[in-house]
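Please read all numbers here as calculations on a predicted model, not as lab measurements. In the text below, chain A, chain B and the rest are named by the order of the sequence lines, each starting its count at 1.
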Protein chains: 2
Amino acid sequence: MASFGFRGHDHTACVADRMAAVEAQCAEKKLQLTPIRRRVLELLLEHHKALGAYDILKALEAEGRPAQPPVAYRALDFLTTHGFAHKIERLNAFVACSDPGHGHAPTFLICRDCNTVAEEPGTLSREALAETANLAGFQIEKAVVEAEGVCPLCRDEP
Amino acid sequence: MASFGFRGHDHTACVADRMAAVEAQCAEKKLQLTPIRRRVLELLLEHHKALGAYDILKALEAEGRPAQPPVAYRALDFLTTHGFAHKIERLNAFVACSDPGHGHAPTFLICRDCNTVAEEPGTLSREALAETANLAGFQIEKAVVEAEGVCPLCRDEP
DNA sequence: TTGCCGGGTGTTACACTATATCAATTTTTG
DNA sequence: CAAAAATTGATATAGTGTAACACCCGGCAA
Ligand SMILES: [Zn+2]
Ligand SMILES: [Zn+2]
Ligand SMILES: [Zn+2]
Ligand SMILES: [Zn+2]
């Protein structure tokens, strides 16, 4: 369940499940999951990898709904603000969150060949981080781990 | 010694020490610490915070040595490749490494007010990371933690 | 009803970040 | 010294991200 990003799975069901979960959360929190926001999230889920804002714009244009940069960035801002997606800083790209509602220290395993991103919870120990922060007198608000390497698929098929 | 980025210290000596250490490493490894590379590293050390490539270009111009973007990016590439500096992805900016020769999983404590960056070793447990990677069948080559928050100076003086 | 107010969208224009390319120069090596 | 490799100079361009303003459409108060 953790690393589905790198294993075969029923992708259609995967996307549907996530969309349903996000819809439920939006209903509960009174958030507006507008058509554009919804479509951008679907694109992230369908591709199942990190997409840049301009990749999303290309996709929207390809399906007959051309849009300008602010449209993509606004939708992505909504999604990331509410925890439905994450920005991968190393790639200047975005992925759907694999576990909305998780804690605030996800670990991203980023394949340097295919840009697939797997999100794993809890690599970063809360204690170690707190200890480091206390040592420095620093007040941590959020932390992420970005690990780069090679995913199983790219390792096996060069 | 770890978190000097957020505490008072003899900055002149700090810069001199680091430059000497880097010079020694370059001599040993037969790396060319050219004037530009040297000056860029000095700028990073002097400011003691994350600087963007264009900040560096502005600084170079201010001291009568104007340069074009590739100059800054090439120097920064040299410094990061050899471990003398790090890129902070969250800020699109660069900091001098506080401990050249460290392992490969540094933690950066990034102040969201003043952009000061402190580099701490070892927050990320090697075991936890390896375990996560094995679970996903993923081969990690490098990993960083970027933690955002408020540094002691900014917290005390609003 | 009417008018306001808020969030969301459409659009233009621009700012910031980074790289490709080729020529000129310096340094290293044989 | 001559050839090869590394570094720098300079121009142009690609990629990423925002500011600003007009428009629309919902709810809501006068
Ligand atoms: Zn997540
Ligand atoms: Zn891959
Ligand atoms: Zn370092
Ligand atoms: Zn600060």
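- Rounded to a whole Å, the NZ atom of A/Lys58 is 11 Å from the C1' atom of D/dT16.
- As a whole-Å value, the separation of A/Leu76 CG from D/dT16 P is 13 Å.
- Rounded to whole Å, atom P of C/dT17 lies 16 Å from atom CZ of B/Arg90.
- Taking only side-chain atoms of B/Gln68, from C-beta outward, the nucleotide of D/dT11, D/dT8, D/dT18 with the closest atom is D/dT11.
- Aromatic pair B/Phe94/B/His86: centroids not less than 6.0 angstrom apart.
- In this model, the phosphate group of C/dT27 is not approached by any side-chain N or O of B/Gln32 to a distance below 4.0 Å at OP1 or OP2.
- Annotation: of the two residues near DNA chain D, B/Pro69 and B/Arg37, the 5′-most nearest-nucleotide partner is B/Arg37.
- Closest to the side chain of B/Asn92, from the set C/dA18, D/dG9, C/dT11, is C/dA18.
- Between the CD atom of B/Glu89 and the P atom of C/dA18 there is a distance of 8 Å, rounded to whole Å.
- C/dC4 is paired with D/dG27 under the Watson-Crick or G-U wobble criterion, all donor-acceptor distances under 3.5 Å.
- With a 4.5 Å cut-off on side-chain heavy atoms, A/His82 and A/Leu31 count as touching.
- Between the OH atom of A/Tyr54 and the C1' atom of C/dT17 there is a distance of 12 Å, given to the nearest Å.
- Using a 4.0 Å heavy-atom cutoff across all strands shown, B/Arg74 reaches at least one base atom of the nucleic acid.
- Note: B/Tyr73 and B/Tyr54 have perpendicular aromatic rings, judged against thresholds of 30 and 60 degrees for the angle between ring planes.
- No option in B/Leu44, B/Val95, B/Ile88 other than B/Leu44 meets the side-chain contact (heavy atoms from CB on, under 4.5 Å) test with B/Leu51.
- In this structure, A/Asp77 places its CG atom 14 Å from P of C/dG7, rounding to the nearest Å.
- The CZ-C1' distance, from A/Arg65 to C/dG8, rounds to 14 Å in whole Å.
- Judged by distance alone, with hydrogens and angles left aside, B/Tyr73 brings no side-chain donor or acceptor close enough to the base of C/dA20 to form a pair under 3.5 Å.
- One interatomic measurement links the two molecules: CG of B/Leu33 to P of C/dT28, which rounds to 13 Å at whole-angstrom precision.
- Aromatic ring orientation, A/Phe78 versus A/Phe84: tilted (interplanar angle from 30° to 60°).
- Both B/Pro66 and B/Leu31 lie near DNA chain D, and the one whose nearest nucleotide falls closer to the 5' end is B/Leu31.
- If you check C/dA20, C/dG8, D/dT7 against the side chain of B/Pro70, the one that comes closest is C/dA20.
- As judged by a 4.0 angstrom heavy-atom cut-off over every strand, B/Lys87 is placed among residues touching the sugar-phosphate backbone only.
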